[in-house]
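Keep in mind that what you see is a predicted model, and the values were worked out from it rather than measured. Letters A, B, ... are given to chains in the order of the sequence lines, protein chains preceding strands, and every chain is numbered from 1.
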Amino acid sequence: MATSTPPLNPLSSPKSKSNNPNESNPSPLSLLRKCSSLKEIKQIQAITIKSNLQHDISVITKLINFCTLNPSTTMDHAQHLFDQIPQPDIVLFNTMARGYALTNTPIRAMTLFSRILNLGLLPDDYTFPSLLKACANSKALKEGKQVHNLVIKLGLHLNIYVQPTLINMYTECRDISAARKVFDKISSPCVVTYNAMITGYSRCSQPNEALALFRELQGSNLNPTDVTMLSVLSSCALLGALDLGKWIHEYIKKNGFDEYLKVNTALIDMYAKCGSLEDAVCVFENMRFKDTQAWSAMIVAYAIHGHGYKAVAMFEDMRRVRVRPDEITFLGVLYACSHTGMVVEGCEYFQSMSVRYGIVPGIKHFGCMVDLLARAGRLDEAYKFIEELPLMPTPILWRTLLSACSSHGNVEMGKQVMERIFELDDSHGGDYVILSNMCARAGRWEDVNYIRKLMKDKGVVKVPGCSSVEVNNVVHEFFSGDGTHSESRELHKVLDQLVKELKLIGYVPDTSLVFHADMREEEKEATLRYHSEKLAIAFGLINTPPGTTIRVVKNLRVCGDCHSAAKFISTISNRQIILRDIQRFHHFKDGKCSCGDYW
DNA sequence: ATAGGGTTAG
């Protein structure tokens with residue numbers, strides 16, 4: 001009878017099924033070959049019904065497990081199968097929980113968990129990794145802690161599969177100290193647990209801690225893995241420390257990790273973010289096989305270095321060799337367009353994203369579009385664009401528009417936008433600073449005073465500007481007006497002299513950017529002169545041999561006056577200055593910047 | 001039958 005069914009490829013062989021239908025252990029599971037599409041799963045399901053196995057819990061578990069191989073399209077079906085089982089066992093629950101964790105539907109996972117407890121079933125070491133992953137995905141710290149408590153109660157905190165997910169849950173919920181507490185209690189962590197902790201540090205922007213733990217791992221008798229290298233490279237990228245990154249690259253080559261596709265992608269990212277586009281290109285070109293992620297990393301690399309046209313050309317190459325772009329590729333392309341003023345092209349790519357590739361634009365794509373329009377001065381269109389969004393706008397979208405209002409000097413719209421931001425979040429110091437600077441430049445001092453008072457009343461603080469420069473493998477940090485660095489006195493003198501020389505070749509300090517309205521002109525100039533970027537550049541100038549490129553990393557957007565000064569410094573000192581700010585790179589050379597002043 | 005850490009964007 002089985003032979004009369006139409007040919008079905010997922011079946012291993014119809015013959016074996018009719019061999020011994022009533023033997024004690026015919027293992028119907030052996031008939032099920034791995035499959036993941038809904039169509040294949042339904043075909044197999046039809047066979048289980050024919051063989052009257054649709055109530056066999058192990059068969060259904062297997063089917064549901066197939067659904068978790070491709071969960072985004074098959075989990076609804078899994079749910080359907082699951083609902084028909086009157087008394088699921090713990091294995092079936094675990095399988096479902098895994099699917100929910102992978103589809104990012106943590107609430108369903110937690111509901112499942114309550115059901116397990118209510119039924120009096122005992123969750124085991126297979127249950128918790130999925131549950132914790134679900135909590136991590138949804139950043140549900142409260143639920144995560146509950147699960148953690150139960151893990152301890154059941155004595156499963158020693159399980160090597162549970163430990164990394166516990167750490168991962170805490171770091172994804174941004175509770176890094178809780179994660180570290182878990183880590184410290186483990187007597188001999190395995191390499192996966194180390195990786196979870198190192199990754200946690202880098203995801204929480206604590207690259208130095210990540211690197212310290214990597215060194216500890218090197219000192220142990222465990223061997224780092226490719227995953228370790230991904231997090232370590234990500235940490236180098238955060239620091240912008242090129243020399244360190246190069247050292248890690250050597251280590252990667254020596255240990256054969258350069259065979260891994262993802263490690264190479266992370267290398268491209270690291271080199272790009274450490275300011276060496278050439279090295280990023282070199283890694284990319286040496287890759288034998290390039291996937292979507294590798295292409296995306298390279299597109300982003302060109303984009304953040306101001307080579308918008310090159311980034312777009314890369315995208316066209318990618319299409320030519322038939323690598324499918326994903327939502328992140330498009331973020332890179334749109335970013336490139338907005339930072340190069342390619343408004344028409346940007347709009348076209350935005351359209352083609354959904355029309356040709358079926359990618360639903362997310363909030364970040366909309367953010368790129370706001371930036372694209374607003375940067376180009378089409379402020380009204382950008383405003384309308386945000387208002388007509390199918391999603392709830394985040395303060396980030398309005399903030400993007402606010403920056404553009406500032407660079408285009410549109411105070412009226414700036415105020416309007418600020419109101420919209422305040423409806424959502426009034427605790428962001430940077431917003432006040434932008435608006436205040438705008439008003440100051442327009443000479444509206446009463447507005448400036450009002451904004452300052454508002455900040456004071458609400459207790460809003462602005463993030464201090466901080467710039468760092470790497471000299472002889474040591475990263476030196478400077479804060480605005482900083483007098484703490486050991487060489488600061490000398491540095492101030494150097495800057496005083498430097499600014500005098502810069503003025504001779506045409507530099508004019510832009511004192512309208514100084515926040516305090518009631519300062520005298522000389523005081524304002526002095527404040528400007530000791531901005532963190534300038535301190536870092538000056539430190540680089542006096543501590544490196546002539547002609548060396550100076551690489552500076554800043555935590556905020558570069559200030560307009562420092563941008564202007566850096567151009568003049570590149571001329572006067574005959575140096576290349578590469579400055580990474582929170583958004584992108586500025587390459588200063590011969591009095592010009594790679595951003596073309598479009599920022 | 002079921003299980004851990006992951007790059008690219010922001």
Side-chain angles (χ1 to χ4, degrees), chain A residues 27-30 32 56-66 68 88-99 101-102 123-133 136 156 159-169 171-172 179 183 189-200 202-203 205 224-234 237 260-270 272-273 280 290-301 303-304 325-335 362-368 371 394 396-397 399-400 582-583:
Chain A
S27 180
L29 303 179
S30 63
L32 309 181
D56 184 319
I57 197 164
S58 56
V59 171
I60 299 300
T61 306
K62 191 82 184 176
L63 273 174
I64 290 180
N65 192 39
F66 288 160
T68 64
D89 60 4
I90 190 67
V91 176
L92 184 48
F93 271 114
N94 290 346
T95 312
M96 279 303 284
R98 172 166 183 269
L102 293 171
D124 59 13
D125 46 350
Y126 284 73
T127 318
F128 290 107
S130 298
L131 283 177
L132 290 165
K133 185 83 196 159
L156 291 172
N159 181 279
I160 58 158
Y161 291 104
V162 175
Q163 283 170 348
T165 36
L166 263 175
I167 291 169
N168 184 241
M169 181 275 292
T171 60
E172 284 298 302
F183 183 81
C190 68
V191 68
V192 178
T193 303
Y194 263 102
N195 288 347
M197 197 63 226
I198 294 173
T199 304
S202 92
R203 297 267 298 166
S205 305
T225 69
D226 53 327
V227 177
T228 321
M229 300 330 295
L230 295 177
S231 300
V232 168
L233 286 172
S234 173
Y260 293 84
L261 183 62
K262 287 174 180 186
V263 171
N264 282 309
T265 304
L267 275 169
I268 294 171
D269 179 59
M270 180 278 290
K273 288 187 177 153
K290 301 163 182 116
D291 64 353
T292 302
Q293 284 83 347
W295 282 97
S296 303
M298 201 58 232
I299 288 170
V300 171
I304 59 174
D326 66 2
E327 62 276 11
I328 289 156
T329 320
F330 275 101
L331 276 176
V333 173
L334 294 175
Y335 181 96
I363 194 79
K364 280 159 195 166
H365 299 100
F366 294 129
C368 286
D371 195 45
T394 58
I396 298 168
L397 292 191
R399 208 161 275 148
T400 305
I582 196 158
Q583 282 197 324

Does a side-chain N or O of [X] approach OP1 or OP2 of [N] to a distance below 4.0 Å, or not?
{"X": "A:K133", "N": "B:dG5", "result": "yes"}
{"X": "A:R98", "N": "B:dA3", "result": "yes"}
{"X": "A:N65", "N": "B:dT2", "result": "yes"}
{"X": "A:N264", "N": "B:dT8", "result": "no"}
{"X": "A:K290", "N": "B:dT8", "result": "no"}

Grab the [atom1]-[atom2] distance between [X] and [N] for me, whole Å please.
{"X": "A:K262", "N": "B:dG5", "atom1": "NZ", "atom2": "C1'", "result": "12 Å"}
{"X": "A:H365", "N": "B:dG10", "atom1": "NE2", "atom2": "C1'", "result": "11 Å"}
{"X": "A:L102", "N": "B:dT2", "atom1": "CG", "atom2": "P", "result": "14 Å"}
{"X": "A:D124", "N": "B:dA1", "atom1": "CG", "atom2": "P", "result": "15 Å"}
{"X": "A:M298", "N": "B:dT8", "atom1": "CE", "atom2": "P", "result": "15 Å"}
{"X": "A:L132", "N": "B:dT2", "atom1": "CG", "atom2": "P", "result": "20 Å"}
{"X": "A:R203", "N": "B:dA9", "atom1": "CZ", "atom2": "P", "result": "12 Å"}
{"X": "A:L156", "N": "B:dG4", "atom1": "CG", "atom2": "P", "result": "15 Å"}

Base, sugar-phosphate, or nothing: which does [X] touch, judged by heavy atoms less than 4.0 Å apart?
{"X": "A:F93", "value": "nothing"}
{"X": "A:T95", "value": "sugar-phosphate"}
{"X": "A:V91", "value": "base"}

Query raised in the report: Of all heavy-atom pairs between A:L156 and A:P123, which one has the smallest distance, and what is that distance?
Result: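 That closest heavy-atom pairing would be CD1-O, 4.4 Å.
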
Requested in this report: For A:T225, check side chain to side chain contact (heavy atoms under 4.5 Å, CB included) against everything at least two apart and list the hits.
Outcome: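 Only A:V191, A:N195, A:V227, A:T228 meet the side chain to side chain contact (heavy atoms under 4.5 Å, CB included) criterion with A:T225.
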
Query - Residues forming a side chain to side chain contact (heavy atoms under 4.5 Å, CB included) with A:A179, sequence neighbours excluded - result: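 Expected list: A:I167, A:Y170, A:T171, A:M197.
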
Query raised in the report: Ignoring hydrogens and angles, are the base of B:dG5 and the side chain of A:T225 linked by a donor-acceptor pair under 3.5 Å?
Result: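 Side chain to base: pair present.
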
Query raised in the report: With respect to the side chain of A:P129, which nucleotide from B:dT8, B:dA3, B:dG5 is positioned closest?
Result: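 From the listed options, B:dA3 comes nearest.
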
Query raised in the report: Which nucleotide, B:dG5, B:dA3, B:dT8, lies nearest any side-chain atom of A:Q293?
Result: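 Nearest to the side chain of A:Q293 among the choices is B:dT8.
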
Query raised in the report: In this structure, are over 12 heavy atoms from other groups packed under 6.0 Å from A:I57 atom CD1?
Result: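 Buried by this count: over 12 neighbours within 6.0 Å.
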
